[in-house]
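Numbers here are sequence positions counted from 1. Computed from a predicted model, the values in this text were never measured in an experiment.
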Amino acid sequence: MKPESCPCGRRDRREFPLAYTMCCGRYLEDIAGTPAPDAESLMRSRYTAFVRERADYLLATWHPSKRPSTVTFEPGVKWLGLDVRSRSVLDADHAEVEFVARQRGASGEATRLHERSRFVREADGDRERWYYVDGDRK
């Protein structure tokens, strides 16, 4: 049986889709023990969390200064793909990732979310962890 491809669309060196378990799955399935190693990986895993409707992961990876109290998901939304446009490391603890995420709502209308997201890395116990702070829609 072929492993499930990761929803984020990341590919290996041979341009084959990475399996969920080898890509974002390791972060979503072990929130406390396996933090995303960089801002792009966190952004991709957050997209995957939206696809899988994992509010627990989204809340855990949102910076406490901007974190909402809850995350809700629109019924009938189908996520269609993610395109990472650019990534910028601003310094050791700050980065930005520009992406376009495509979705189709329950009505059948397709929309695009184009955002430049900001991320910060902070200490979390004995390890460093990246958090989504906020973003500017394009």
Side-chain angles (χ1 to χ4, degrees):
M1 177 158 87
K2 186 177 176 183
E4 173 190 7
S5 295
C6 190
C8 84
R10 188 171 260 174
R11 296 181 170 276
D12 67 14
R13 287 185 210 113
R14 298 173 298 160
E15 288 300 311
F16 291 114
L18 284 178
Y20 170 74
T21 57
M22 299 301 294
C23 193
C24 296
R26 56 191 159 162
Y27 313 127
L28 271 76
E29 304 307 326
D30 186 16
I31 297 169
T34 308
D38 54 58
E40 181 183 349
S41 295
L42 179 59
M43 191 278 308
R44 286 179 174 278
S45 65
R46 286 176 57 83
Y47 170 84
T48 297
F50 274 104
V51 172
R52 292 177 161 252
E53 297 188 352
R54 290 285 306 272
D56 61 331
Y57 186 81
L58 293 167
L59 291 169
T61 58
W62 219 310
H63 193 269
S65 68
K66 303 281 186 160
R67 182 183 299 143
S69 58
T70 61
V71 174
T72 57
F73 301 98
E74 186 181 329
V77 166
K78 177 169 175 44
W79 291 92
L80 305 172
L82 175 68
D83 178 27
V84 175
R85 297 283 176 91
S86 68
R87 57 205 70 57
S88 303
V89 176
L90 305 176
D91 61 37
D93 297 320
H94 297 87
E96 294 181 345
V97 178
E98 182 179 349
F99 68 90
V100 175
R102 296 176 294 112
Q103 66 177 350
R104 184 173 315 283
S107 68
E109 181 181 352
T111 59
R112 297 164 36 107
L113 169 63
H114 185 178
E115 182 177 292
R116 184 159 194 84
S117 300
R118 285 179 283 281
F119 298 87
V120 64
R121 185 171 64 167
E122 294 182 349
D124 178 30
D126 62 344
R127 68 181 73 220
E128 298 285 316
R129 184 177 297 276
W130 284 96
Y131 293 95
Y132 169 74
V133 178
D134 59 16
D136 296 322
R137 297 238 174 135
K138 301 268 184 190

- Message: Please check: side-chain N/O of Arg129 versus main-chain N/O of Asp124, any donor-acceptor pairing under 3.5 Å?
- Response: no
- Among all residues two or more places apart in sequence or in another chain, which pass the side chain to side chain donor-acceptor pair (under 3.5 Å) test with Arg118? Asp134, Asp136
- Atom of Arg44, atom of Gly9 and distance for their closest heavy-atom approach: NH1-C, 4.1 Å
- Item | Heavy-atom pair of closest approach, residues Tyr57 and Ala49 | CD2-CB, 3.7 Å
- Message: Which residues pass the salt bridge (charged side-chain N to carboxylate O under 4.0 Å, His left out) test with Arg52, not counting sequence neighbours?
- Response: Glu4
Using a 3.5 Å cut-off and no angle test, enumerate the donor-acceptor pairs between side-chain atoms of residues 72-79 and protein atoms at least two apart in sequence or in another chain.
none

- Look at the side-chain heavy atoms of Ile, Leu, Val, Met, Phe, Trp and Tyr, link any pair under 4.5 Å apart, and say whether Leu113 and Val51 land in one connected group. yes
- Cluster link Val133 to Leu42, ILVMFWY, side chain under 4.5 Å: no
- Query: Of the non-hydrogen atoms in Arg10 and Ser41, which two are nearest, and what is the gap between them?
  - Reply: NH1-OG, 3.2 Å
- Message: If the condition is side-chain contact (heavy atoms from CB on, under 4.5 Å), which residues does Ser65 pass it with, not counting sequence neighbours?
- Response: His63
- Please confirm whether the backbone N or O of Val100 pairs with a side-chain atom of Arg85, one donor and one acceptor, at under 3.5 Å? no
- Message: Just to verify, what does Thr61 make a side chain to side chain donor-acceptor pair (under 3.5 Å) with, not counting sequence neighbours?
- Response: Arg46
- Residue pairs passing the salt bridge (charged side-chain N to carboxylate O under 4.0 Å, His left out) test where at least one lies in residues 94-104, sequence neighbours excluded: Glu96-Arg116, Glu98-Arg116
- Check side chain to side chain donor-acceptor pair (under 3.5 Å) between Tyr131 and all other residues, then give those that pass, not counting sequence neighbours. none
- Check salt bridge (charged side-chain N to carboxylate O under 4.0 Å, His left out) between Lys138 and all other residues, then give those that pass, not counting sequence neighbours. none
- Minimum heavy-atom distance between Arg11 and Pro17, given as atom pair plus value: NH1-CD, 3.3 Å
- Could you pull out all residues at least two apart from Asp38 that satisfy salt bridge (charged side-chain N to carboxylate O under 4.0 Å, His left out)? none
- Query: Can you hop from Leu82 to Val71 via hydrophobic side chains spaced under 4.5 Å?
  - Reply: yes
- Would you mind listing every ring-ring contact (aromatic ring centres under 6.0 Å, His included) that reaches into residues 94-130, with sequence neighbours excluded? Phe119-Tyr132
- Non-neighbouring partners of Arg87 that pass side chain to side chain donor-acceptor pair (under 3.5 Å), sequence neighbours left out: Glu40
- How far apart are the C-alpha atoms of Glu122 and Asp93, what are their side-chain angles, what is the distance that settles it, and do they pass the side chain to side chain contact (heavy atoms under 4.5 Å, CB included) test? CA-CA 7 Å; Glu122 294 182 349; Asp93 297 320; over 6 Å; no
Show every donor-acceptor pair shorter than 3.5 Å between a side-chain atom in residues 20-33 and any protein atom, with sequence neighbours excluded, or say none if there are none.
unit_1, atom_1, unit_2, atom_2, d
Tyr20, OH, Glu29, OE2, 2.6
Arg26, NE, Met22, O, 3.2
Arg26, NE, Cys23, O, 3.1
Arg26, NH2, Met22, O, 3.3
Glu29, OE2, Arg54, NH1, 3.3
Asp30, OD1, Gly33, N, 3.1
Asp30, OD2, Thr34, OG1, 2.8

- Would you check if Leu59 and Pro68 make a side-chain contact, meaning some heavy-atom pair closer than 4.5 Å? yes
